[in-house]
Amino acid sequence: MLKMSTLFLRTLRDDPADAEVASHRLLVRAGYVRRIAAGIYSWLPLGYITFRNIERVVREEMDAAGFQEVHFPSLLPREPYEKTNRWQEYGPDLFRLQDRKGGDYLLGPTHEEMFTLMVKGEYSSYKDLPLSLYQIQTKYRDEPRPRSGIIRGREFVMKDSYSFDLTDEGLSESYMKHRAAYVKTFDRLGLKYNIVSAMSGAMGGSRSEEFLAPCETGEDTYVLCEKCGYAANVEAMKTTVDPVDSSATPALQVVDTPNTPTIDTLVEVLNERFGGGFTGADTLKNILLVADGKTISVLVPGDREVDMKRLEANLPGVKEIRLFEDEDFAKNPALVKGYVGPQDAKNLGITLYADPRIALGTSWVTGANKQNCHALNVVNGRDFTVEKYIDAAEVKQGDACPDCAAPVVIDRAIEIGHIFQLGRKYAQALDLTVLDKDGKARVVTMGSYGIGVSRAVAAIAEQTYDEIGLCWPAEIAPAKVHIVATGKEDLPFDTAEEIATALENQGISVMLDDRRDASPGVKFKDAELIGNPIIVIVGKALVDGKVEIRVRRTGEKTEVALADAVSEVAKLLA
RNA sequence: CGGGGCGUAGCGUAGUGGCUAGCGCGCCUGCUUUGGGAGCAGGAGACCGGAGGUUCGAAUCCUCUCGCCCCGACCA
């Protein structure tokens, strides 16, 4: 039983100056967390109870799925990360340190290497697989910009699991088992979420899905089709456009278009010249980029921008990408800024990438590679050849769903879980093999699965808070019932304590506001701010032998006879 | 790393027209008060982020530095 008279808690009346997002603001005000440094937080009793409730749910569901818990250090030696090249690849995001002898160490940002090595150390037969291990561990990433309180910190707690299988089919099964366990976990946590297809990104591997909790302060943007349920991270959103017949399209024609270096100016001049009918969507935008030192061109319809995140996600293997700059134009006189077209790309040795909307046979207005000139009727497949189609154009609200063509909506969300099939990258690098039936060594294939445990505290807060404070689902609230005793006599305080004890005897956790010196107003405000789901008030109504029961979420109030208080509360929580 | 904002008591802030640093919340003592962040009286708590400089005199002006927040870049 948490007694407010002794609980280590001081709520704040004012919003902290350095907190912007609701979860951060309220978690600080209600005395759950305190900031220590940018992206680094301490948990106070209420916060830590809430945190552990989430951790408990996660652990129970992992165990129920048959995964086994292990625990690694956060402080790790360099070598394993050297072997997988991540000592380099992780770059400045990795917290590095040295011991007294000058040896290199790191604070683990994620533990693929350690899990792989642990399995390698114990198992060596196909008979041992499949296997799934997990840990709940503090992770360290020196984020370029920690933000939004505990949503994106530099130190955070993550549950990470890894599956080990001999075959791709086995990996798929392990993946689906984890997916199912995640569904159960997030349902129990009371989170609203969408499962969206994602890019496996820097971790390598194939199939990948993210669990996204929609909320305004989310930093991930995703696409949802309300008709068929298609959901994807914008980076993974697919566009499909069928080829068209271009046999009737007139020949390419170069026209003078003075002073039209932008799509807007071009459209204006075209409409003056040809009596209207042109829009930005009829033009072809050629974005020149330098990818790992090589010039490439990305073609998108003139009414869309290139989304650099999508572009990079769809150009795997490219490490560094930057815009073509004035000095690059100076070195390549054949390329005229503002009048670039794809027609000469082949001769110039420029690799052409195109958004799928630039389908085979489609006809465009684009630059003529000559100052103040554009070309009309430039046909893909006839006048230029695309090397590769990639999703690079920005996604807009209302774009066609790739599955059912209905308009999609764009929403923001917090990433609370990510599951993906890693494949053999780490097993290969660290030589994790098992002997197969035929006695031959085979490289194990792995899956990787994460849940942001500390982040879930903030995500749930974001999805449930209201104007007066936090508002937790019963499963994770610091206590299921918040009992407030008011008045100056002993009776309400004694009665409140009796009810509290009776509830606890039934396994219902209680926070009891037994402060004698606080006014009723203060106690009510605190109860609302703290956000336990049921509030019981023992005070005024006691003269009629009654207590008041309030539901925090709805604000609904009822008075019940003292004798029924415990059963009524239990009923509300059922 | 680029742009913007900000560092004054545990929290929120005033003071930037140069001279004893002010207020609210919280905290301590006493009395009163107890169904919506109580009242009165008294009190503790700040080397004004740090270093250097200008000046008779700096929270205030100048230089440097550290830290924090927001937008962007970046980011399982």
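Quick note on labels: first sequence line is chain A, next is B, and so on, each numbered from 1. What you see below is based on every heavy atom in this structure, not just the backbone, and it leaves out hydrogens, waters and symmetry mates.
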Nearest to the side chain of [X], heavy atoms from C-beta on, is which of [options]?
X	options	value
A:Arg145	B:rG36, B:rC71, B:rC11	B:rC71
A:Arg141	B:rG35, B:rC68, B:rA76	B:rA76
A:Asp18	B:rC68, B:rU34, B:rG24	B:rC68
A:Phe524	B:rC75, B:rG36, B:rG24	B:rG36
A:Arg147	B:rG24, B:rG37, B:rC74	B:rC74
A:Arg550	B:rG36, B:rG12, B:rC69	B:rG36
A:Leu12	B:rC11, B:rG35, B:rC69	B:rC11
A:Arg152	B:rG36, B:rC75, B:rG37	B:rC75

Could you label the plane-to-plane angle of the [X] and [Y] rings as parallel, tilted or perpendicular, counting under 30° as parallel and over 60° as perpendicular?
X	Y	result
A:Phe329	A:Phe324	perpendicular
A:Tyr193	A:Phe211	tilted
A:Tyr182	A:Phe186	perpendicular

What nucleic acid atoms does [X] come within less than 4.0 Å of, heavy atoms only: base, sugar-phosphate, or nothing?
X	result
A:Arg34	nothing
A:Arg516	base
A:Glu489	nothing
A:Asp526	base
A:Ala19	nothing
A:Arg10	sugar-phosphate
A:Met308	nothing
A:Glu219	nothing

Between [X] and [Y], ring centroids under 6.0 Å:
X	Y	result
A:Tyr162	A:His111	no
A:Phe156	A:Tyr41	no
A:Trp472	A:Tyr32	yes

In whole Å, I'd like the distance from the [atom1] atom of [X] to the [atom2] atom of [N].
X	N	atom1	atom2	result
A:Glu216	B:rC70	CD	P	16 Å
A:Ile537	B:rU34	CD1	C1'	14 Å
A:Met4	B:rG26	CE	P	14 Å
A:Phe8	B:rG10	CZ	P	14 Å
A:Glu235	B:rC75	CD	P	9 Å
A:Ile414	B:rC75	CD1	C1'	16 Å
A:Ile535	B:rG36	CD1	C1'	12 Å

OP1, OP2 of [N] versus side-chain N and O of [X]: anything below 4.0 Å?
X	N	answer
A:Lys488	B:rU34	yes
A:Arg13	B:rC11	no
A:Ser519	B:rU34	no

Next on the checklist: Reading RNA chain B from 5' onward, which residue's closest nucleotide shows up sooner: A:Thr11 or A:Val21?
Outcome noted: A:Thr11
Checklist entry - Of A:Ala37 and A:Lys309, whose closest RNA chain B nucleotide lies nearer the 5' terminus? => result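 Closest to the 5' end, via its nearest nucleotide, is A:Ala37.
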Taking any strand in view, what nucleotide pairs with [N] in a Watson-Crick or G-U wobble way, both distances under 3.5 Å?
N	value
B:rG67	B:rC6
B:rG52	B:rC62
B:rU33	none
B:rC23	B:rG12
B:rC1	B:rG72
B:rA44	none

Item to check | Nearest-Å distance once atom P is located in both B:rU63 and B:rG4 | outcome: 15 Å
Checklist entry - Any ion pair linking A:Arg310 and A:Asp391 (charged N to carboxylate O, less than 4.0 Å)? => result yes
Checklist entry - Of the non-hydrogen atoms in A:Asn194 and A:Pro214, which two are nearest, and what is the gap between them? => result ND2-CG, 3.7 Å
Item to check | Polar side-chain contact A:Glu528-B:rG37 base: donor and acceptor under 3.5 Å | outcome: no
